[in-house]
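Here the structure is laid out as structure tokens; the discussion comes afterwards.
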Amino acid sequence: MNRRRFFHYVGLGVTVAACGGTQRLSAPPTGGGFASPPPGMPPSDLDAWRAALGAARERAIGRLRVYREAGKFPRNHRVLGTTPTFVDEHGTPCAVGYLMVRSGHQALVASIARADNNVYVERIVEGPALAWILRSGLTQDECALIQPSYDWERPPRPIEPFVPDDPAPAHDRLVAHFTALDHQLVDATEVSLDAALARLEPEIARGASIVQVVQ
């Protein structure tokens, strides 16, 4: 069964059931936000971080709309079955890769593609990719939903020129996926920002710089 079924949605910001041995993160309870910052941290610090993450989130949602409207999605010509493809052989990034590129992290995208081009975002537990996720204004669960999987397609024959604008068979399904996700991301903004800030709190308390929030 394809774990990335596009119409098998659950509410963003709540616990997602584990599948494939991976337990996704859950958001903290709502109803109070972050009235009590960690000892020694001024409330204004968390307020500033939340505002910066909120702005990053708005940029990400806007960029996802541009990505959806452009309709240029990766193709999976290399792995049988259904799997994520971070950057396909034609240089087309997945949605998460696109967000990274648009935020100025092209080198990070290239590094991820070299290390594991079929990586599942929810399985990233450390390193620059996780740092980007945590500072993107999106939760890791949301990034996992943003990153779809792609069905294997027969590669073009050598005599067949590649036509970049030729829509893949799953094109309409992917457009529907990103359209539905757009509404979910907007509706979940407050809960998701609470969750994103909660994950960053230990780093903020240790002196993390707000300038590292994704632009």
Side-chain angles (χ1 to χ4, degrees), residues 1-12 16 19-20 22 24 57-106 108-110 112-114 116-124 129 132-133 136-188 192 214:
M1 178 179 178
N2 178 9
R3 60 184 301 226
R4 299 288 184 106
R5 294 288 185 191
F6 298 127
F7 301 107
H8 183 64
Y9 288 113
V10 294
L12 291 174
V16 180
C19 57
T22 300
R24 291 182 176 177
R57 183 182 182 88
E58 288 185 10
R59 287 191 292 271
I61 292 173
R63 288 165 179 167
L64 277 175
R65 290 170 185 157
V66 173
Y67 182 77
R68 179 193 72 209
E69 292 166 3
K72 186 177 180 181
F73 310 128
R75 298 190 179 188
N76 171 21
H77 294 316
R78 296 184 175 179
V79 181
L80 292 176
T82 302
T83 185
T85 302
F86 211 78
V87 181
D88 73 9
E89 59 194 81
H90 311 293
T92 305
C94 72
V96 175
Y98 175 82
L99 292 181
M100 290 180 174
V101 169
R102 285 293 306 276
S103 64
H105 290 77
Q106 296 92 334
L108 175 58
V109 172
I112 294 170
R114 286 194 303 269
D116 184 359
N117 199 40
N118 305 116
V119 64
Y120 283 90
V121 167
E122 63 265 43
R123 295 180 181 174
I124 297 174
W132 183 93
I133 292 169
S136 68
L138 303 164
T139 68
Q140 190 164 9
D141 291 344
E142 288 171 335
C143 287
L145 290 175
I146 288 169
Q147 179 199 36
S149 295
Y150 306 91
D151 294 327
W152 180 84
E153 300 177 48
R154 180 185 63 82
R157 296 177 182 176
I159 60 173
E160 298 174 351
F162 174 69
V163 182
D165 294 329
D166 179 30
H171 178 273
D172 291 345
R173 182 177 49 160
L174 290 166
V175 170
H177 164 65
F178 290 117
T179 301
L181 191 54
D182 183 297
H183 299 298
Q184 293 187 56
L185 291 173
V186 171
D187 291 344
S192 295
V214 171

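Here the structure is a predicted model, which is why all the values come from computation and not from measurement.
- Cys143 and Ile133 make their closest contact through SG-CG2, 4.0 Å (heavy atoms, listed as atom of the first residue, atom of the second, distance).
- Ser136 OG to Ile146 CD1: the interatomic distance, rounded to the nearest 0.5 Å, is 7.5 Å.
- Checked against side-chain contact (heavy atoms from CB on, under 4.5 Å), Val175 has the following partners two or more places apart in sequence or in another chain: Arg68, Phe73, His171, Thr179.
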Open item on the list: For a side chain to side chain contact (heavy atoms under 4.5 Å, CB included) check, start with the C-alpha distance between Asp182 and Ile61, then their side-chain angles and the critical distance, and finish with the verdict.
Closed with: CA-CA 7 Å; Asp182 183 297; Ile61 292 173; 4.1 Å; yes
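- Shortest non-hydrogen contact noted between Trp132 and Ser103 is NE1-OG, 3.1 Å.
- Only one option out of Val119, Val121, Val96, Asn117 pairs with Ile112 in a side-chain contact (heavy atoms from CB on, under 4.5 Å); it is Val119.
- Between the side chains of Thr92 and His90, not a single donor N or O lies within less than 3.5 Å of an accepting N or O.
- No donor-acceptor pair closer than 3.5 Å links the side chain of Thr85 to the backbone N or O of Val87.
- Contact check for Ser192 versus Leu138: no side-chain heavy atoms found under the 4.5 Å cut-off.
- Between the side chain of Gln140 and the backbone N or O of Ile124 there is at least one donor-acceptor pair closer than 3.5 Å.
- A donor-acceptor distance shorter than 3.5 angstrom exists from the side chain of Arg59 to the backbone of Val214, with no hydrogens or angles considered.
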Task: side chain to side chain contact (heavy atoms under 4.5 Å, CB included) assessment of Phe86 paired with Arg114 - done: CA-CA 10 Å; Phe86 211 78; Arg114 286 194 303 269; over 6 Å; no
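- At least one donor-acceptor pair closer than 3.5 Å links the side chain of His177 to the backbone N or O of Leu145.
- Asn118 contributes a side-chain N or O that, together with a main-chain N or O of Pro84, makes up a donor-acceptor pair within less than 3.5 Å.
- You'll find the side chain of Asp187 stays beyond 4.5 Å of the side chain of Gln184, heavy atoms only.
- When side chains are defined from C-beta on, Leu185 counts as touching Arg57, because their heavy atoms get closer than 4.5 Å.
- Heavy atoms only, all atoms of each residue included: Cys94 and Tyr67 are closest at C-OH, 3.3 Å.
- Not counting sequence neighbours, the partners of Val101 by the side-chain contact (heavy atoms from CB on, under 4.5 Å) test are Gln106, Val109.
- Residues meeting the side-chain contact (heavy atoms from CB on, under 4.5 Å) test with Arg102, sequence neighbours left out: Arg63, Val66, Tyr98.
- Here the straight-line distance linking atom CD of Glu69 with atom CG of Leu64 works out to 11.0 Å at 0.5 Å rounding.
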